[in-house]
Amino acid sequence: MNKKVSFNDTAIAFSHKTDKELAQAHFIFSLMKFQWLVRIGTKLTPLALKWKFPIKSLLRNTIFKIFIGGESLEETKKVLKTLDQYQVKAILDYGAEGKENEESFTKTCEEFISLIHYAGAQSSAPFISIKVTGLARFSFLEKLNIIIKQHPFTLPNPKALTSAEQKELQLLLAKITAIVEAAKQHHIGVLVDAEETWIQDTIDALTFHFAKLYNQEQAVIFNTIQFYRTAAFDLLQESIRLAQEHSFTVGIKMVRGAYMEKERLRAQEYDYLSPIHPTKQATDDAFNKGLAYAIANLEKVHLIIASHNEESNSYATELLAQYGFPQQHPHIHFSQLYGMSDHITFNLAKAGYATSKYLPYGPIDDVVPYLMRRAEENTSVAGQTSRELQLIEQEIKRRKA
């Protein structure tokens, strides 16, 4: 019988952290309370690295240590071992953001495949994460999106492309094929990140194309749906319908979303209706509606609930109990970012649910864009930093008692 999970037990939430690590986390989240400081830091840090200022040691021992698994795959082993001790798995992510040229795309593809081989040799890394923008030019994905928008989930007819574009598409398909082939061989799930709406139809079509080919027995490739989008629930419904029609298991990662301000600004600039829900409550309602629908169809859905919202995670456990599904159902998985929401991850794991941390790695210079987004996200999400701080302070106080 599924028991109700409490997310207030800080002894469980921070059992994997030493007193020193807890103090470091407290220091970082205390700084993140100041929006002006985060704004300045996110502007100056990339410039300081570009100008070769000696700040790497400072970054390595502060924000990098909190949110990144290491500079190399080898360095992630210590983190993986610690997480595994608490029944928490990892979604490995090569956090570097490459340049837009074929040499960089090939290198990124090779890194993804190396990552799959590495994950396959670990007991605690069942998934990796990839970005399609790491494998192809953004402007090319945008061009494809215009065509695909007319026929969703369908790759464009080659006749609609120039010969150069046809070759570019074939190169992209070859890269994804190599990644998914390796993943299937090593029993690793590939989570395809959602990105901006003006390239998302391309990503959906690519993911669907490979899901039809590889998700026959179990989900190998997963699409990500951002529920701050007004179209998210329709996309979820259509994804499940197509999976049933074509007899495959659809892999879905549910998130709220990461490009809200960018999306709204572009909608204003180009004078179209914003694709983002107008309020946080509307997003929360859409996410929970999606949870209910996906779990009701769990036979055909392999679902990853990637949420930092306590209410949504609690609701998911209630839905599983309502349908009589066990905590360790093979089609359900919970995940949060490394360095955030440990009270959700570790309490769910302790209660017997399959959980993981999204664990990026990469050289400091390369993962700075990711780190800056984490800092901005913590200050922009209402109450996120305050909640993290409150729980850390509660645990520090408990340990001193």
Side-chain angles (χ1 to χ4, degrees), residues 15-17 64-96 108-131 134 176 178-193 207 210 214-215 217-224 249 251-255 302-307 327-342 344-346 348-350 352-363 366-367 370 374:
S15 53
H16 62 296
K17 286 190 182 294
F64 184 93
K65 197 171 184 179
I66 300 293
F67 298 114
I68 305 292
E71 290 195 71
S72 66
L73 275 175
E74 189 62 30
E75 287 184 16
T76 67
K77 281 185 177 177
K78 184 180 177 183
V79 178
L80 289 175
K81 186 177 178 182
T82 299
L83 293 175
D84 200 34
Q85 288 172 0
Y86 298 91
Q87 291 75 54
V88 175
K89 306 300 183 185
I91 297 171
L92 290 169
D93 173 53
Y94 176 50
T108 301
C109 179
E110 290 169 353
E111 185 69 28
F112 288 149
I113 293 171
S114 295
L115 181 52
I116 289 165
H117 287 281
Y118 175 82
Q122 313 299 317
S123 61
S124 56
F127 305 102
I128 73 152
S129 177
I130 72 169
K131 274 185 180 291
I176 301 176
I179 292 165
V180 183
E181 283 278 3
K184 183 164 186 170
Q185 181 184 343
H186 290 277
H187 307 288
I188 298 297
V190 176
L191 314 185
V192 182
D193 278 357
T207 308
F210 284 96
Y214 290 92
N215 286 13
E217 296 168 14
Q218 62 183 38
V220 177
I221 188 165
F222 292 69
N223 201 16
T224 301
T249 300
I252 298 289
K253 183 177 80 167
M254 289 181 57
V255 301
H302 190 152
L303 183 66
I304 297 176
I305 303 164
S307 170
Q327 283 103 320
Q328 289 286 334
H329 190 288
H331 281 198
I332 201 85
H333 192 91
F334 295 83
S335 187
Q336 288 76 42
L337 295 168
Y338 182 64
M340 291 172 60
S341 299
D342 287 346
I344 295 175
T345 312
F346 287 85
L348 281 170
K350 183 73 173 178
Y353 293 91
T355 65
S356 67
K357 283 296 191 185
Y358 179 93
L359 186 66
Y361 74 94
D366 294 341
V367 300
Y370 173 86
R374 289 289 73 77

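Predicted, not measured: the structure shown is a model, and the values here were computed from it. Numbers for residues simply follow the sequence, beginning at 1.
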Residues which pass salt bridge (Lys or Arg N to Asp or Glu O under 4.0 Å) with [X], listed by chain and number, not counting sequence neighbours:
X     : answer
Lys17 : none
Glu71 : Arg60
Lys77 : Glu74

How are the rings of Phe210 and Tyr214 set relative to one another: parallel (under 30°), tilted (30 to 60°) or perpendicular (over 60°)?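 Phe210 and Tyr214: parallel rings.
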Looking at [X] and [Y], what are the two nearest heavy atoms and their distance?
X      : Y      : answer
Gly352 : Gln328 : O-NE2, 2.7 Å
Ala183 : Val190 : CB-CG2, 3.4 Å
Pro126 : Ala90  : CD-O, 3.5 Å
Ile188 : Ala125 : CD1-O, 3.4 Å
Ser335 : Ile304 : CB-CG2, 4.3 Å
Gln336 : Met340 : CB-O, 4.1 Å

Measuring from [X]:[atom1] to [Y]:[atom2], what's the distance to the nearest 0.5 Å?
X      : Y      : atom1 : atom2 : result
Thr207 : Leu191 : OG1   : CG    : 10.5 Å
Leu80  : Ser124 : CG    : OG    : 4.5 Å
Ile128 : Ile179 : CD1   : CD1   : 6.5 Å
Ile344 : Ile305 : CD1   : CD1   : 11.5 Å

Identify, with sequence neighbours excluded, every residue that meets side chain to side chain contact (heavy atoms under 4.5 Å, CB included) alongside Glu217. none
Can you list everything that forms a side chain to side chain contact (heavy atoms under 4.5 Å, CB included) with Val255? Sequence neighbours excluded, please. Thr224, Gln226, Lys253, Ala306
Applying side-chain hydrogen bond (donor to acceptor under 3.5 Å, both in side chains), name anything that partners [X], two or more places apart in sequence or on another chain.
X      : answer
Gln85  : none
His187 : none
Gln122 : none
Asn215 : none

For side-chain contact (heavy atoms from CB on, under 4.5 Å), just list the numbers for Phe67 and Leu337, CA-CA rounded to whole Å, side-chain angles, deciding distance to a tenth of an Å, and then say yes or no. CA-CA 8 Å; Phe67 298 114; Leu337 295 168; over 6 Å; no
Could you list all the salt bridge (Lys or Arg N to Asp or Glu O under 4.0 Å) pairs where at least one residue sits in residues 329-342, not counting sequence neighbours?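 Output for this query lists Asp342-Lys357.
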Going by heavy atoms in the side chains, are [X] and [Y] under 4.5 Å from each other?
X      : Y      : answer
Tyr338 : Ile91  : no
Leu92  : Ser129 : no
Phe222 : Ile252 : no
Val88  : Phe346 : yes

Check against side-chain contact (heavy atoms from CB on, under 4.5 Å), Ser356 and Phe334: CA-CA 6 Å; Ser356 67; Phe334 295 83; over 6 Å; no
Checking His333 now: which residues fulfil ring pair (Phe, Tyr, Trp, His ring centres under 6.0 Å) with it, not counting sequence neighbours?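 Ring pair (Phe, Tyr, Trp, His ring centres under 6.0 Å) check on His333 returns Phe127.
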Take Val192 and Ile221 through the side-chain contact (heavy atoms from CB on, under 4.5 Å) test and state the conclusion after the steps. CA-CA 7 Å; Val192 182; Ile221 188 165; 3.8 Å; yes
Check whether the side chains of [X] and [Y] place a donor and an acceptor atom closer than 3.5 Å, and report yes or no.
X      : Y      : result
Thr355 : Thr345 : no
Thr249 : Gln218 : no
Tyr358 : Asp93  : yes

Please test Ser123 against Asp84 for side-chain contact (heavy atoms from CB on, under 4.5 Å), starting from the C-alpha separation and ending with a verdict. CA-CA 8 Å; Ser123 61; Asp84 200 34; 3.7 Å; yes
Would you check if the side chain of Tyr86 reaches a backbone N or O of Lys350 as a donor-acceptor pair within less than 3.5 Å? no
Distance-only donor-acceptor hits, side chain of residues 112-120, under 3.5 Å, sequence neighbours excluded:
unit_1, atom_1, unit_2, atom_2, d
Ser114, OG, Glu110, O, 3.1
His117, ND1, His186, NE2, 3.0
Tyr118, OH, Leu73, O, 3.0
Tyr118, OH, Thr76, OG1, 3.0

